[in-house]
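These notes concern the structure reproduced below.
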Amino acid sequence: MTGYWDLLIAILAGIVQGVVEWLPVSSQGNLSLFLTLFDIAPDHALQLALFLQFGTTLSAAVYYRGEIRESLEAVPRWRPRTAFTGQNAVTTFVVVASIATGAIGLPIYFLAIDVASELSGGLFIAAIGVLLVATGALELASKSVDFAERTEPTLRDAVIVGGVQGFSILPGVSRSGVTTSTLLFRSYRAPSAFRLSFLLSIPAGIAAGVLTYVTEGGIPGIGLEMAAVAVLTSAVVGYATIGLLMRVVERIPFWIVCFGLGGLAIVGGGGVALLTA
């Protein structure tokens, strides 16, 4: 019975990750919330949520395979003076931003794991709620920006967006939400902002999965077989929904979703903490 229960959790976790990864609400935070409902320890829930980004990373890589191929084909012609010109601009942006993400995200990762391991389930949920509300506030503020016709990223864009992405390792901070909002603040129109954000998600997702596996010496919370099921499920669901959900993102104000989920998490988590105190 335990094996079937673990399989069900793995499949459901993969579905959650595959759907919410494309929304500017925190896939990591919401997946962590989901996993704590099944008595997975908060620190293990956070690490497992990071690892499951492998699946949606694969989805994004397949979905953007044309752009990835063009970027790789442009690498032999890359020169410093044309680093942010034409197709080289996207390639350089992803590389520089990924380096900035690592510089900011690594120390935050170890701090977040330590903090998560010290929090009770209720306080952990409430903390995620606060971060979700903060993400919603950032997205709401980005709506007031007067957009320009920028499409090619610059070195400053890469450093700023990459650094901001580093903070998304915290549960509740939406990677797509904060990077897209930052690009909107930098006067990119929504289609360009989403494209750059999700291209940047590919190396970030790979790094998050590798970091979790290496630092923990395995997959926390569930076994390797069930982790593989969850990753495969998230990849399939993610690829099936990315096109639809990206169209939805352009029509629905997801800051409302952030505020709603964050408020519920704060109230619910605070209540659990009081009841278990």
Side-chain angles (χ1 to χ4, degrees), residues 17 20-33 35 42-61 90-119 124 127-128 130-132 134-135 137-139 153 155-183 185-186 193-194 196-221 231 234 258:
Q17 171 65 21
V20 300
E21 173 64 24
W22 314 125
L23 307 178
V25 295
S26 173
S27 62
Q28 182 185 332
N30 285 289
L31 183 54
S32 296
L33 283 174
L35 292 170
D43 53 336
H44 284 174
L46 171 58
Q47 292 162 331
L48 186 55
L50 282 171
F51 181 80
L52 291 187
Q53 291 182 22
F54 258 140
T56 44
T57 295
L58 178 60
S59 299
V90 174
T91 304
T92 309
F93 171 82
V94 171
V95 173
V96 174
S98 297
I99 294 172
T101 296
I104 298 295
L106 276 175
I108 293 177
Y109 168 80
F110 292 110
L111 175 62
I113 296 302
D114 290 339
V115 171
S117 64
E118 297 297 325
L119 291 177
F124 179 70
I128 289 175
V130 172
L131 291 170
L132 279 170
T135 297
L138 176 61
E139 292 186 12
L155 176 60
R156 179 175 295 181
D157 293 331
V159 173
I160 293 174
V161 177
V164 167
Q165 181 175 252
F167 287 96
S168 67
I169 202 165
L170 291 168
V173 177
S174 166
R175 190 213 62 79
S176 62
V178 296
T179 54
T180 301
S181 295
T182 301
L183 285 162
F185 275 118
R186 298 289 297 164
F194 283 120
L196 291 173
S197 173
F198 286 112
L199 285 172
L200 188 54
S201 76
I202 296 172
I206 294 173
V210 170
L211 177 63
T212 303
Y213 189 87
V214 170
T215 56
E216 295 303 310
I219 312 301
V231 167
S234 68
C258 286

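One-based numbering along the sequence shown.
Between R175 and S197 the shortest heavy-atom distance is NH1-O, 3.0 Å. The two residues A97 and L200 have their closest heavy-atom pair at CB-CD1, 3.6 Å. Minimum heavy-atom separation, P107 to G102: CD-O, 4.3 Å. Nearest heavy atoms, P203 versus S98: CG-OG, 3.3 Å.
Pairs engaging residues 198-211 under the side chain to side chain donor-acceptor pair (under 3.5 Å) rule: none recorded [sequence neighbours left out]. A salt bridge (Lys or Arg N to Asp or Glu O under 4.0 Å) check over residues 44-53, counting only residues at least two apart or in different chains, returns nothing. For residues 156-168, the salt bridge (Lys or Arg N to Asp or Glu O under 4.0 Å) pairs, not counting sequence neighbours, are R150-D157, D157-R186.
Inter-residue side-chain proximity for L196 and F93 is flagged as met; some heavy-atom pair is nearer than 4.5 Å. In this structure, the side chains of L31 and V20 stay at 4.5 Å or more apart for every pair of heavy atoms.
Residues Q165 and T179 bring no donor and acceptor atom of their side chains to less than 3.5 Å of each other.
Remark: the backbone N or O of Q53 is paired with a side-chain donor or acceptor of T57 at under 3.5 angstrom.
The CZ atom of F54 sits 13.0 Å away from atom OG of S59, with the distance rounded to the nearest 0.5 Å. To the nearest 0.5 Å, atom CD1 of residue I104 and atom OG of residue S168 are 11.5 Å apart.
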